[in-house]
Amino acid sequence: MSESLVEADWESLARNLLRAELMRRGLSYARLVDALAAIGVEETEAAIKNKVSRGRFTFVFFLQSMAAIGAEWMQVPAWDALAQGQGIGTMGAQQLASSKRNTREAD
């Protein structure tokens with residue numbers, strides 16, 4: 001990976017962060033639709049799939065999704081890890097979902 005990330009890398013990271021949180025909880029997009037509806041956010045499964053596949057969605061949608069699925073904390077990879085490709089690409093969500101760095105440790 002290069003020293004800088006292009007727009008597509010940031011989109012991949014956004015997509016993979018959301019997908020990783022769903023994977024950790026064993027949730028599908030259909031379950032995300034239900035969870036969002038429970039907090040008053042109406043989305044269709046097709047709309048969510050499109051947003052996530054593009055990696056382009058508002059931060060508001062991301063926050064709504066995290067709140068709806070009960071995510072209280074998440075860690076974004078540090079720049080050095082991002083520059084090495086962590087969380088970016090086709091297997092990035094699986095990498096983030098299984099990463100111990102993304103699990104909140106008790107202080």
Hey, does V41 have a side-chain heavy atom less than 4.5 Å from the side chain of F61? no
Between E45 and A30, the two heavy atoms sitting closest are OE1-CB, 3.6 Å
So salt bridge (Lys or Arg N to Asp or Glu O under 4.0 Å) across residues 58-71, not counting sequence neighbours, yields none
Would V60 and W10 show up in the same hydrophobic cluster when neighbours are defined by side-chain heavy atoms closer than 4.5 Å? no
With rounding to the nearest 0.5 Å, note down the distance linking CG in L17 to OG in S12. 9.5 Å
Any side-chain to backbone donor/acceptor pair from D9 onto V6? Under 3.5 Å, distance only. yes
What pairs with R25 under side chain to side chain donor-acceptor pair (under 3.5 Å), at least two apart in sequence or on another chain? E21
Hits for side-chain contact (heavy atoms from CB on, under 4.5 Å) against E11, two or more places apart or cross-chain, chain-then-number order -> E7, R56
Applying side-chain contact (heavy atoms from CB on, under 4.5 Å), name anything that partners R19, two or more places apart in sequence or on another chain. R15, N16, M23, Y29, V52, A93, Q94
Return each pair, listed once, that meets side-chain hydrogen bond (donor to acceptor under 3.5 Å, both in side chains) where at least one residue sits in residues 30-43; pairs must be two or more places apart or across chains. E43-K51
Tell me every residue that passes side-chain contact (heavy atoms from CB on, under 4.5 Å) with A14, counting only those two or more places apart in sequence or in another chain. F57
Among residues two or more places apart or on two chains, list those pairs meeting side-chain hydrogen bond (donor to acceptor under 3.5 Å, both in side chains) that have a residue in residues 58-68. none
Rounded to the nearest 0.5 Å, how far apart are CH2 of W79 and CD of Q84? 11.0 Å
Same cluster or not: are M74 and L63 linked, directly or through other Ile, Leu, Val, Met, Phe, Trp or Tyr residues, by side-chain heavy atoms under 4.5 angstrom apart? yes
Spacing of CG belonging to L18 relative to CD1 belonging to I69, to within rounding of 0.5 Å: 7.0 Å
Considering all heavy atoms, the nearest A20-A97 contact: CB-N, 3.7 Å
Taking the side chain as everything from C-beta on, heavy atoms only, tell me whether L13 gets closer than 4.5 Å to L5. no
